[in-house]
Novice: 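Starting off with a structure, shown below.
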Amino acid sequence: MARHNREGHGSDQQGYDYTISYQPDWLRQVKVTRLLESGRQSTKTLFANPQDPARKPGRTVRTEVRCEEQGIRFEIALSDPQRVVKRVIVETGPAGSNGEALGEGDVLFTFDHRT
């Protein structure tokens, strides 16, 4: 069974502050990707887990991301009984965005598992 969630903090390329609630035995890091005004993408490590895993993660892991300034709040729950998932990607966008490709206002979060 995994340990209880911990809380970490980070800021993105535009200076928005985030709170990450994570299970320390599963999460290695969270990266955030945004589209720049030039049309290029920028990726930044939002949070890196400072702890070494004490044991194997549980079969279900949960991670929550919050950014009050942007109205972002979501939780991912991953059921991985065989412990084979290495990465989860979540793309968020403003209401009404088409979801086709990373666009203005969209934020891409990459959650990496400990390897």
Novice: Identify the heavy atoms of Thr60 and Gln23 that sit nearest to each other, and give their distance.
Specialist: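 Result for this residue pair: O-OE1, 3.7 Å.
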Novice: Work out which heavy atom in Asn49 is nearest to a heavy atom in Pro24; give both atom names and the distance.
Specialist: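 So the minimum-distance heavy-atom pair works out to ND2-O, 3.1 Å.
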Novice: List the residues meeting side-chain contact (heavy atoms from CB on, under 4.5 Å) with Arg59, not counting sequence neighbours, and say none if there are none.
Specialist: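 Testing Arg59 for side-chain contact (heavy atoms from CB on, under 4.5 Å), a comparison that skips the adjacent residues, returns Pro81.
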Novice: Is a side-chain donor or acceptor of Asp112 paired with a backbone partner of Arg28 at a separation under 3.5 angstrom?
Specialist: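 A pair under 3.5 Å: no.
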Novice: Can you name the nearest heavy-atom pair linking Gln29 to Lys31, along with the distance?
Specialist: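 Of all heavy-atom pairs spanning Gln29 and Lys31, the closest is NE2-CE, 3.1 Å.
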Novice: Which residues pass the side chain to side chain donor-acceptor pair (under 3.5 Å) test with Glu75, sequence neighbours left out?
Specialist: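 Not a single residue meets the side chain to side chain donor-acceptor pair (under 3.5 Å) criterion with Glu75.
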Novice: Which heavy atom of Arg34 sits nearest a heavy atom of Asp12, and at what distance?
Specialist: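 Heavy-atom minimum between the residues: NE-OD2, 2.8 Å.
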Novice: So do the side chains of Gln14 and Val107 get within less than 4.5 Å of each other, counting heavy atoms only?
Specialist: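 Result no, sub-4.5 Å side-chain heavy-atom pair not found.
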Novice: Please list, chain by chain and in numerical order, all residues satisfying side-chain contact (heavy atoms from CB on, under 4.5 Å) with Gln82, sequence neighbours excluded.
Specialist: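 So Gln82 forms a side-chain contact (heavy atoms from CB on, under 4.5 Å) with Val84.
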Novice: For a 4.5 angstrom cut-off between non-hydrogen side-chain atoms, does Glu91 reach Asp106?
Specialist: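 Yes, side chains in contact.
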Novice: Got a second to check how far Arg66's CZ is from Ile72's CD1, nearest 0.5 Å?
Specialist: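 The distance works out to 12.5 Å.
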Novice: Determine which pairs satisfy ring pair (Phe, Tyr, Trp, His ring centres under 6.0 Å) with at least one residue from residues 29-74, sequence neighbours left out, and list them in order.
Specialist: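 Of all non-adjacent pairs touching residues 29-74, those that pass ring pair (Phe, Tyr, Trp, His ring centres under 6.0 Å) are Tyr22-Phe47, Phe74-Phe109.
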Novice: Residues two or more places apart in sequence or in another chain: which of them pass side chain to side chain donor-acceptor pair (under 3.5 Å) with Ser21?
Specialist: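 With sequence neighbours excluded, Ser21 shows a side chain to side chain donor-acceptor pair (under 3.5 Å) to Asn5, given in chain and number order.
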Novice: If the condition is salt bridge (Lys or Arg N to Asp or Glu O under 4.0 Å), which residues does Glu69 pass it with, not counting sequence neighbours?
Specialist: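 So Glu69 forms no salt bridge (Lys or Arg N to Asp or Glu O under 4.0 Å) with any residue.
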Novice: Among residues at least two apart in sequence or on other chains, which ones pass salt bridge (Lys or Arg N to Asp or Glu O under 4.0 Å) with Glu68?
Specialist: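 Not a single residue meets the salt bridge (Lys or Arg N to Asp or Glu O under 4.0 Å) criterion with Glu68.
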Novice: Thr43: which residues meet the side chain to side chain donor-acceptor pair (under 3.5 Å) condition with it, sequence neighbours left out?
Specialist: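 Counting only residues at least two positions away or on another chain, Thr43 forms a side chain to side chain donor-acceptor pair (under 3.5 Å) with Thr33.
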Novice: Are the side chain of Gln70 and the backbone N or O of Tyr16 linked by a donor-acceptor pair below 3.5 Å?
Specialist: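 Pair absent, no side-chain N/O of Gln70 close to backbone of Tyr16.
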Novice: Kindly write out the residues that satisfy side-chain contact (heavy atoms from CB on, under 4.5 Å) with Ile89, not counting sequence neighbours, or none if the list is empty.
Specialist: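 With neighbours one apart ignored, the set is Arg87, Leu108, Thr110.
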Novice: Take Glu64 and Arg62, measure what side-chain contact (heavy atoms from CB on, under 4.5 Å) needs, and give me the verdict at the end.
Specialist: CA-CA 7 Å; Glu64 181 185 40; Arg62 289 176 175 78; over 6 Å; no
Novice: I want to check something: taking the side chain as every heavy atom from C-beta on, are Leu78 and Trp26 in contact at a cut-off of under 4.5 Å?
Specialist: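 The answer is yes, as the side chains (C-beta and beyond) meet within the 4.5 Å cut-off.
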Novice: Walk me through it: do Lys44 and Val32 pass the test side-chain contact (heavy atoms from CB on, under 4.5 Å)?
Specialist: CA-CA 5 Å; Lys44 179 182 179 186; Val32 60; 4.3 Å; yes
